[in-house]
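Every number for a ligand or one of its atoms is a count from 1 in the order of the listing. Note that these values count all heavy atoms, side chains included, but never hydrogens, waters or copies made by symmetry.
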Amino acid sequence: MTIATELPASDPSSTTSIPGAPPAEAPITMLNPDFPFSYDHYLAHPEGLGSVPPELYGTEVAVVGAGLSGLVTAYELMKLGLRPVMYEADQIGGRLRTANFPSAPGVVADLGGMRFPVSGKAFYHYVDLLGLQTQDFPNPLAPVTSSTVIELAGEKHYANTTADLPPFFREVADAWKAAVNDGAQFAGMQQAIRARDTARIKELWNELLPRLDEQTFYGFIAGSESFKEAGFAHREAFGQVGFGTGGWDTDFPNSILEILRVVYTDADDQHRLIAGG
Ligand SMILES: Cc1cc2nc3c(=O)[nH]c(=O)nc-3n(C[C@H](O)[C@H](O)[C@H](O)COP(=O)(O)OP(=O)(O)OC[C@H]3O[C@@H](n4cnc5c(N)ncnc54)[C@H](O)[C@@H]3O)c2cc1C
């Protein structure tokens, strides 16, 4: 079993060392700047999520939708002594369903979510409650991935680690790291998330919001000093090859704030899968 509180911490080298920083082993969690609530701490609280007066025990509560959110809600309502009644228009599981194929025993296909970042502590709280087994997800260049092939401009590059790739790819990665640090306080935000310092998270986010609210992902990249210096080929390769799970150029028209919410919380990193789907 993967115990939520014992999941491996995010790669400490992904942040710059800063005086006064929290211990490197303090994990990155889903303290998304918009909702910086420590759900994992609430869930671990000995008194539970709350209480209702005894005279209300057994009261029926409608829960609409039996996806992950509805199922978790119903479970927690039951723990409070209430009586959830679930309404599901289609099938239990929602966008987390898995399909089996009678003609291919043992083969499963996740129809929705298939990889879950270890920073999602509340998610793994329920994974552990259910006794589900998890494994590293074979993302590109992840240690568990036997080989990654990157095809760029008609040329194939086979790699087990980033060190196997030509220096060009390291330059692209460095340009991205510099862009988010220089333009979006990446290291500072991750430091605040590790420290669960919500006041600092809000302070950083409030400074970024007016500046980046109208900015696209591509505009952010193109306007960064690091990518200007690196040149167009690096920017283009970043879009095609990307980071974490792969290329990001389909997200280029989206707000950079959406991307920051993902990368600050390591939501695109250190994924695990549920064994058996
Ligand atoms: C292709 C795909 C890939 C994804 N990959 C990932 C991933 O790798 N990692 C990850 O973390 N997330 C991933 N996601 C997102 C993740 O699957 C969802 O965020 C999550 O499953 C949403 O759960 P939910 O309970 O909020 O909503 P849903 O799972 O959508 O559940 C809502 C339920 O409500 C029901 N419903 C809707 N309206 C009504 C109504 N009026 N009456 C009754 N029932 C109703 C629906 O039928 C459905 O079952 C992916 C999603 C998709 C589609």
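Considering backbone and side-chain N/O atoms, Gly70 never comes within less than 3.5 Å of an N/O atom of ligand 1. The N/O atoms of Leu111, backbone and side chain alike, include none that comes under 3.5 Å of an N/O atom in ligand 1.
Per-atom contact check: atom 38 (N) of ligand 1 does not touch the protein, criterion being a heavy-atom distance below 4.0 Å. For atom 10 (C) of ligand 1, the protein comes within 4.0 Å by at least one heavy atom.
Under 4.0 Å from ligand 1, the heavy atoms of Gln91 that appear belong solely to its backbone. Looking at Phe123 against ligand 1, nothing comes within 4.0 Å, counting heavy atoms.
The one candidate from Leu209, Thr198, Ile201, Asn206 that meets the side chain to side chain contact (heavy atoms under 4.5 Å, CB included) condition with Pro33 is Ile201.
The environment of CD in Glu229 is sparse: at most 12 heavy-atom neighbours from other residues, nucleotides or ligands sit within 6.0 Å. Counting non-hydrogen atoms of other residues, nucleotides and ligands closer than 6.0 Å to CZ of Phe35 gives a total of 12 or fewer. Remark: Glu55 CD is packed, more than 12 non-hydrogen atoms of other residues, nucleotides or ligands lying under 6.0 Å away. Taking a 6.0 Å sphere around CD1 of Ile92, one finds it holds 12 or fewer heavy atoms contributed by other residues, nucleotides or ligands. Other residues, nucleotides and ligands contribute over 12 non-hydrogen atoms within 6.0 Å of the CZ atom of Arg211.
In terms of protein heavy-atom proximity, atom 13 (C) of ligand 1 is nearest to Gly113 CA, 3.4 Å. Ranking protein heavy atoms by distance to atom 31 (O) of ligand 1, first place goes to Gly67 CA, 3.4 Å. Protein heavy atom closest to atom 41 (N) of ligand 1, with residue, atom name and distance, is Val64 CG1, 4.1 Å. Summary of contacts: the protein heavy atom closest to atom 36 (N) of ligand 1 is Gly65 CA, 4.2 Å. The single protein non-hydrogen atom nearest to atom 43 (C) of ligand 1 is Ala89 N, 3.3 Å, given as residue, atom name and distance. Among all protein heavy atoms, the one lying closest to atom 52 (C) of ligand 1 is Gly112 CA, 3.8 Å. Closest protein heavy atom to atom 24 (P) of ligand 1: Ser69 OG, 3.3 Å.
Although no hydrogens or angles enter the test, the distance criterion places no donor-acceptor pair under 3.5 Å between the side chain of Thr265 and the main chain of Met30.
Atom 49 (O) of ligand 1 has its nearest heavy-atom neighbour, among Arg97, His271, Arg95, Glu88, in Glu88.
Interface atoms of ligand 1 facing Tyr87, defined by a heavy-atom separation under 4.0 Å, are 43 (C), 44 (N). Shown in contact with Leu68 at under 4.0 Å from a heavy atom are these atoms of ligand 1, numbered in order with element: 25 (O).
Taking the six-membered ring for Trp and thresholds of 30 and 60 degrees, Phe116 and Phe123 have nearly parallel ring planes, at less than 30 degrees apart.
Considering every non-hydrogen atom in both Ile28 and Ser119, the closest pair reads O-CB, 3.3 Å.
Taking the six-membered ring for Trp, His157 and Phe169 have ring centres closer than 6.0 Å.
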